[in-house]
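Computed over heavy atoms, backbone and side chain alike; hydrogens, waters and symmetry mates excluded. Along the sequence shown, the residues carry numbers beginning at 1.
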Amino acid sequence: MSRIVKYLLVSVWGLVMPCFFYAQNASMGAADSYDRLEASFQGNSFSRMQLETFEERGKQKIKDFLDLAFFLQSKDLEESLRKHVEDQLRDLFVSGESAMLEFNSLDEFLNTQSFPYQKKESIEIEISSPFESGENGYRAKASFSLPKSSGEIEKLNAQLLLQKQLKKFGEESIELWEVLIGDIKREH
């Protein structure tokens, strides 16, 4: 073989082999990333950084609750839309009896169709007690303030729970960690 052909073969080999090894390592890295991601939603313990991420999710759930509660105050909502919004509200909370302000349960709150607060453009939600491991998952507490119809500002506390929930994906069911709202009460 001529020198030029040998040089070309060695050059091509030198270019192709690193690409092959890179692709092989990248696919192994993707599988490793997938495993780490899966473990973060299905594992049994979390780093402080992961818990802070779940705390941010809890703040978003409270904002979603407030948006939906204010939306329900509209008197001209069609019944089917009202029912859909109520179902979305229920999905934000721990199943069972979550206390809501002076009401004993979320359903009692929804039946009154009365939310004694004024909508505020921006609501600051603070994690007053970060997630800590407990008997049935993790618990945290968030606090926020809302203006009442009378104009006074009222401080509220919301219990946040990080619990495993069974989720269906087609025919498969998987237990995943999810942030849910527990009780929301006035601060005394």
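Contact annotation: the side chain of Arg186 never approaches that of Lys155 to less than 4.5 Å [non-hydrogen atoms, C-beta and beyond]. Looking at Leu72 and Leu77, their side chains come closer than 4.5 Å, going by heavy atoms from C-beta outward. Side-chain contact between Leu156 and Glu187: absent, with no pair of heavy atoms (C-beta onward) separated by less than 4.5 Å. Between Leu180 and Gln165 the shortest side-chain heavy-atom distance falls below 4.5 Å. Counting heavy atoms from C-beta outward, Leu146 and Leu66 have side chains that approach closer than 4.5 Å. The shortest distance between side-chain heavy atoms of Leu92 and Leu68 falls below 4.5 Å.
Looking at every heavy atom in both residues, Lys148 comes nearest to Gln118 through O-CD, 3.6 Å. Annotation for Lys59 and Ile125: closest pair CE-O, 3.3 Å, computed over non-hydrogen atoms. For Ser143 against Asn157, the heavy-atom pair with the smallest separation is CB-OD1, 3.3 Å. Across all non-hydrogen atoms, the minimal contact from Gly58 to Val179 is CA-CG1, 3.5 Å. The heavy-atom pair separating Pro130 from Ala140 by the smallest distance is C-CB, 3.7 Å.
Remark: Lys120 NZ is packed, more than 12 non-hydrogen atoms of other residues, nucleotides or ligands lying under 6.0 Å away. Annotation: Glu126, atom CD; neighbour count of heavy atoms from other residues, nucleotides and ligands within 6.0 Å does not exceed 12. For CD of Glu132, the number of neighbouring non-hydrogen atoms (other residues, nucleotides, ligands) closer than 6.0 Å is 12 at most.
Between the side chain of Ser128 and the main chain of Lys141, a donor-acceptor pair closer than 3.5 Å is present. A donor-acceptor pair under 3.5 Å is absent between the side-chain atoms of Ser173 and the main chain of Phe169, judged by distance alone. Of the possible donor and acceptor atoms, one in the side chain of Arg82 sits under 3.5 Å from a partner among the backbone N and O of Ser74.
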| field | Criterion side-chain contact (heavy atoms from CB on, under 4.5 Å) on Trp177 and Phe46, from CA distance to verdict | value | CA-CA 11 Å; Trp177 287 96; Phe46 300 103; 3.3 Å; yes
| request: List the steps, then state whether side-chain contact (heavy atoms from CB on, under 4.5 Å) holds for Leu110 with Leu89. | output: CA-CA 9 Å; Leu110 292 172; Leu89 260 170; 3.6 Å; yes
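Considering CG of Asp64 and CG of Asp91, their distance stands at 11.0 Å, rounded to 0.5 Å. Rounding to the nearest 0.5 Å places OG of Ser145 at 11.5 Å from CD of Glu152.
Electrostatic pairing of Glu178 and Lys167 counts as a salt bridge here, judged by a charged N lying under 4.0 Å from a carboxylate O. By the 4.0 Å N-to-carboxylate-O rule, Asp87 lies close enough to Arg90 to be salt-bridged with it.
Just one of Leu161, Leu160, Leu162 meets the side chain to side chain contact (heavy atoms under 4.5 Å, CB included) condition when paired with Tyr138; it is Leu162.
Annotation: salt bridge (charged side-chain N to carboxylate O under 4.0 Å, His left out) contacts of Glu52 (sequence neighbours excluded): Arg48. Scored by the salt bridge (charged side-chain N to carboxylate O under 4.0 Å, His left out) test, Asp67 finds Lys119 as partners (sequence neighbours excluded).
A donor-acceptor pair shorter than 3.5 Å can be found between the side chains of Glu154 and Tyr117. Neither side chain, Asp107 nor Ser105, offers a donor N or O lying under 3.5 Å from an acceptor on the other.
Identified under the ring-ring contact (aromatic ring centres under 6.0 Å, His included) test for residues 66-87, with sequence neighbours left out: Phe70-Phe115.
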